[in-house]
Amino acid sequence: MVKPIDERYFYAVNCAYPNSLRILNKAQFDILTAIDNQSSIATLCEKLSIQPNVLEGFLNILAETEIIKFDHSFTKPKRPNTPQSLNFWIHTTNKCNLTCGYCYISTLNTTNGMLAETQTQLLNKLVETVNRRKITSIKLRLAGGEPLGQFKFWKGFIVEAKTILKDLGCKLIVSFITNLTILNEDILTFSKANDIRFGVSLDGLEQHNDTARKFRNGLGSFKVIDENLRKLIANNIPVSVNTVVGNHNLEGLPSLTHYLIALDVPFRYSIVKGEAVDAQLLEKYLSESYAIMQDAIQTGWAFSNRHQFCDLKPNELGFQTCTSGFSGGAIYVDGTLNYCHVHFGEANQPAFSIFDEDRDLVNMIEQGSHYEDMKSTDCSLCKYKAVCTSGCPVYRVNGKDPQCTIYHKFIPLIYELQARERLKLLQDYKMIAT
Ligand code: SF4
Ligand code: SF4
């Protein structure tokens, strides 16, 4: 993809090659657009009045990240044969202190937290799998329900698991997927000492969050979340915000964008799955939000490592949308291992148990359900297929992400904003003319 940034500069990117985005000046843009898959370097030199060694040098740079190739063998995203790392969603509890109207956990408030016996077996299975498979890193996302209501129960596990796995050459990374309404000194101190990360759900500011995310007594949760978010930031504890965008909070996206940029936390906007969203309003408020991000880039805000849109991977060589079915899954409160947490409580889903003596966790993932390769023909021809990978495998419609149209509009904009960020850095460091 080759597009203008302003009247003087352009960007080029290979959407299927990681970190390939380059800024081009007008002369470089002219070279790239003169390439027609037929003309030889000599012909191009003559046409553009460039010395062959200069042209060849530039083409070699472009070829390094496959913006061009001298043959037809472009790298294709490929799934590795075996996983080196694992990633599990752990359903620590069915209990939650909020009553969000749209919560998709069908088993919410039906049982309490994970039993000690199940937690111990989880560690046994992790150790067995690491030993057998030579796994070098594991990410556990402790979720629920509200996992911070179970914090004391998980402290000992985290310390023990980190120590045991480290001795086996495996790094354990733990994060809480939380509504962040429960936070105290104990949690802050422990999190700092043990490199715990936080993924926080937030729908918007004030009423845009509080419409759906209420406490049992009917009060909204925004004020508490805001206060706790600032405490995590003040303590240098890694935190990112996840906003699921639906009809109820669309309008609040621009004000939320201002807020998250001011806090300088990484944030992700995902579009609600399995539910209709007003497409026109979605486009309008997303466009407004990206315009705010564009302004912030000019003040030095780091767009590319602060914002993510849905599960899109503009800078990675994506071969699938998430780790489910390859190197990850979701472990329910009773030790059942599902393809994804959205399947918890569904009796018709094939599932294994961590109490199964005959299989390690990788066997269970391999032998479980597989939705990841069910993709449409459109997707196989799409220029953004490595960025989008057809979206969430569970919620595809006819093999496509229901937000395909929105992606086609916003993926080029995301690259353009990355290009603007890069151009500003190059200009600030005087590596390119202003
Ligand atoms: S869902 Fe749409 S954007 Fe995504 S890969 Fe398929 S065709 Fe491309
Ligand atoms: S299957 Fe879908 S909902 Fe589940 S983890 Fe993957 S992307 Fe997320």
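Order of listing sets the numbers, starting from 1, for every ligand and every atom in it.
Between H307 and F267, the ring planes lie tilted relative to each other; the angle falls in the 30° to 60° range. Using the six-membered ring where Trp is involved, Y339 and H343 have ring planes that are tilted, between 30° and 60° apart. Using cut-offs of 30° and 60° on the angle between ring planes, the pair F151 and F176 is tilted.
Listed by first and then second residue, the side chain to side chain donor-acceptor pair (under 3.5 Å) pairs involving residues 386-396 are T321-T389 (not counting sequence neighbours).
N363 places a side-chain N or O within donor-acceptor distance of the main-chain N or O of D360, the cut-off being under 3.5 Å. Checked by atom type and distance alone, the side chain of N194 never pairs as donor or acceptor with a backbone atom of I196 at under 3.5 Å.
Here the protein contributes C322 SG as N, O or S atoms under 2.8 Å from atom 6 (Fe) of ligand 2.
Evaluation of the ring-ring contact (aromatic ring centres under 6.0 Å, His included) rule for F352 yields no partner, not counting sequence neighbours.
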Step-by-step salt bridge (charged side-chain N to carboxylate O under 4.0 Å, His left out) determination, D30 to K26: CA-CA 6 Å; D30 288 342; K26 178 72 171 73; 2.8 Å; yes

Going through the distances and angles, do D210 and K223 end up as a salt bridge (charged side-chain N to carboxylate O under 4.0 Å, His left out)? CA-CA 9 Å; D210 293 350; K223 279 202 165 53; over 6 Å; no

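Counting only protein N, O or S atoms closer than 2.8 Å to atom 2 (Fe) of ligand 1 gives 1.
Scanning the protein for heavy atoms near atom 8 (Fe) of ligand 2, the closest one is K273 NZ, 4.2 Å.
Going from atom CG of L123 over to atom OG1 of T120 covers 7.5 Å, rounded to the nearest 0.5 Å.
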